[in-house]
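Just so we're clear, the structure is a prediction, and the values are computed from it rather than from any experiment. A, B, ... follow the sequence lines: proteins, then strands. Residue 1 opens every chain.
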2 protein chains.
Amino acid sequence: MVTIKEVAERAGVSTSTVSRALSGKIPVNDETKQKVLLAVKELNYQPNVLAQGLKDGKSRTLGLIIPNVRNLVFPAAIRGIEDMAKKHGYTVVLCNTDEDVETEKFYIDNLRRRLIDGFIFSTARPGHEHLLELKREGFPVVFLIRQMGEDVDTITVDNYKGAYDATKYMLLRGLKNIAFINGHMDIFLYQQRFEGYKKALEEAGFPFKEEMVVHEVYGWEDGYQAMTNLLKKNLKIDGVFATSDPKAIGVIRAIKDFGLKVPDDISVMGFDNSDMAPLLDPPLTTVSQPFYEMGAKACERLIKIIEAKKKPKAKVEVLPAEIVVRKSVV
Amino acid sequence: MVTIKEVAERAGVSTSTVSRALSGKIPVNDETKQKVLLAVKELNYQPNVLAQGLKDGKSRTLGLIIPNVRNLVFPAAIRGIEDMAKKHGYTVVLCNTDEDVETEKFYIDNLRRRLIDGFIFSTARPGHEHLLELKREGFPVVFLIRQMGEDVDTITVDNYKGAYDATKYMLLRGLKNIAFINGHMDIFLYQQRFEGYKKALEEAGFPFKEEMVVHEVYGWEDGYQAMTNLLKKNLKIDGVFATSDPKAIGVIRAIKDFGLKVPDDISVMGFDNSDMAPLLDPPLTTVSQPFYEMGAKACERLIKIIEAKKKPKAKVEVLPAEIVVRKSVV
DNA sequence: CTGAAAGCGCTTACAG
DNA sequence: CTGAAAGCGCTTACAG
């Protein structure tokens, strides 16, 4: 790699001048500048980012910590982050934790040694209070999708209203016995979705029934199992609200395997509007989380925090969660 | 961050000694070593990776260049790479190019300035000869999934045999009119799959027909369109071999929308065995590429190249592509 | 406006 | 075995 020294020699100036001509922050005589720029071009000089980083303690690198890239919801978010990072000259390091706290801590440590400039986490949940600590230390942190309190900048969706609207929509379509297949209740967004569901039922005069609700369901296999169990209980279910697309996929499969039809016999509502939703059979009616935009916003926010002179006050940004009507609800 | 200087002071030795005690490569008196280790522990010292990198020109970071994370086939591969990188103390930067050469070059430049140690590319195809150049320069490079010649280390799958076997399998199941929905023929693996298809047909005494083959199809929308066009031509198709799972998804959708059944009226074979394949309706019979393992192997190979004293000769590793029988073929 | 010098946090060849 | 010094490639306060 060609270094600043070689450029300086070729341009007949000191390395300081080269540095200044390139940074643009400090005035340099125009003629000198031209000489430098010429030498830079001729040698195809590219400053060494590690050396720059060592100087000012920044690496122009962002850490993205998620449970698992293979989860349907992340690729779109990653893309949003990536594109925004690129636009601002940042690079992003991807880390999968499988929800494991130790793995998460390992990555945080590891990346801090690399002078990472900030983190985006999609892993917030009880047991991960060290993330709040990181933020308190003054380290740039943004939460994406999952929220934990109000003290960390967060990009999320209106999970309560999304679930409320979805349930109400199903009710309006004439469904009367709507089961609820939910995720882990220690994750805030699943609490909110549950609240939305309950509220809509209540307002419609059909208070929710314990036996129609299953929590702690994760992924499509689990969703399949949960739905199969429900089906066997003969509860006259005519609709299911699955609080994620993967769960909905398992639910639909279970209904079909039980010999019933979606939506003719049982309607299914998902949550996520992941890339797969339109490809299912029937195409999935679901609540949309705009993952790409959310990722882009989270990244933009993080960069703003990193580059701010004084840290702005944390803000939780709640985007609307809208129903995308397709074919899985009557 | 605590620096090596503080550790040295606390342990009452020089920074050189701290460095040596930690590296382990150079002998240090056992007692001294213990003092150092204690100080390291007490201060929770973590060496600054940027500073280390500046010294030996390495960053312990790998660049992964793919067309798009949102393509179904990549998440599993990424996970394999990630897990292996973590095991060896490397970090990976993810870059999406959308197949654009300029974007790819931008990332390569950008990452080289960050002293990236090596690259994994899943973007090889004509027009990307600069990747071969990179390798020729002595830069550690591995190709994943897509191959381009024999001069770069590559982890791929036996695309010819996979396609041959899949076609033969369909033939054996009694199918006689098998259409072929293919990707861009400038990508080597699509050439190979096409060859495999032709060979199997030929051997069975049904030489392939031009009107049954569509090239340049990308993604499920395209697959839908291609299949719809084929269907309208009334070619008595009883089977379709789509050379990627996304295309197969579009093909199945098109067949259903045409009022026909899969596999009763038309069988569909995919290629990839992506995470979605078992979730389709019907579950997709497809040729398996073991993405996770391929990613892990590519990463392992890259690290081996990076850490080798003298560069090993490039090797193209071809893994078997096996048929995963599910329900989309009679 | 420009150069020489110091320093970012490490590692390692050179002495001892 | 250990320390002082030099150096990795930059940037920037200090002089001029």
A.B. asks: When you measure from the side chain of B/I4, which nucleotide among C/dT11, D/dT12, D/dG9 comes out closest?
C.D. replies: C/dT11
A.B. asks: Please tell me which of B/G12 and A/P47 maps to the more 5' nucleotide of DNA chain D, matching each residue to the nucleotide holding its nearest heavy atom.
C.D. replies: B/G12
A.B. asks: Expressed in angstrom and rounded to an integer, what is the separation of A/M1 atom CE from D/dG7 atom P?
C.D. replies: 22 Å
A.B. asks: The side chain of A/S19 is closest to which nucleotide in this list: D/dG9, D/dT12, D/dC1?
C.D. replies: D/dT12
A.B. asks: Think B/K135 forms a cation-pi with B/F121, using NZ or CZ under 6.0 Å from the six-ring centre and within 45 degrees of its axis?
C.D. replies: no
A.B. asks: For a quick test of reading the model: is some side-chain N or O of B/Q52 closer than 4.0 Å to OP1 or OP2 of C/dG9?
C.D. replies: no
A.B. asks: Can you measure A/L54 atom CG to D/dG7 atom C1' for me and round it to whole angstrom units?
C.D. replies: 12 Å
A.B. asks: Across all strands shown, which nucleotide pairs with D/dG16 by Watson-Crick or G-U wobble geometry, both distances under 3.5 Å?
C.D. replies: C/dC1
A.B. asks: Find the distance A/E6:CD to D/dC10:C1' and express it as a whole number of Å.
C.D. replies: 14 Å
A.B. asks: With a non-hydrogen cut-off below 4.0 angstrom, is A/T17 in contact with a base, only sugar-phosphate, or nothing?
C.D. replies: sugar-phosphate
A.B. asks: Check the distance between D/dG9's P and B/L115's CG and give it to me in whole angstrom.
C.D. replies: 9 Å
A.B. asks: B/Q147 side chain to B/G149 main-chain N or O, any donor-acceptor pair under 3.5 Å?
C.D. replies: yes
A.B. asks: Using modelled atom types and a 3.5 Å cut-off, is there a donor and acceptor pairing between side-chain atoms of B/N159 and backbone atoms of B/L189?
C.D. replies: no
A.B. asks: For A/K315, is there any backbone N or O sitting under 3.5 Å from a side-chain donor or acceptor partner on A/R301?
C.D. replies: yes
A.B. asks: Nearest whole Å is fine: how far is D/dT11 C1' from A/D56 CG?
C.D. replies: 8 Å
A.B. asks: Whole Å only: how far is the CZ atom of A/R60 from the P atom of D/dC10?
C.D. replies: 16 Å
A.B. asks: Contact class for B/T32 (heavy atom, under 4.0 Å): base, sugar-phosphate, or nothing?
C.D. replies: sugar-phosphate
A.B. asks: For B/K33 and D/dC1, give me the distance from atom NZ to atom P, rounded to whole Å.
C.D. replies: 10 Å
A.B. asks: Given that B/N48 and A/S16 both sit by DNA chain C, which one's nearest nucleotide is further toward the 5' end?
C.D. replies: A/S16
A.B. asks: Using a distance-only criterion (donor-acceptor N/O pair, under 3.5 Å, no hydrogens), is the base of D/dG3 paired with the side chain of B/R20?
C.D. replies: yes
A.B. asks: What integer distance in Å separates A/D30:CG from C/dC1:C1'?
C.D. replies: 12 Å
A.B. asks: Do B/R146 and B/S122 come close enough that some side-chain heavy atom pair is under 4.5 Å?
C.D. replies: no
A.B. asks: When you compare C/dC1 with C/dA5, how far apart are their P atoms, in angstrom units rounded to a whole number?
C.D. replies: 23 Å
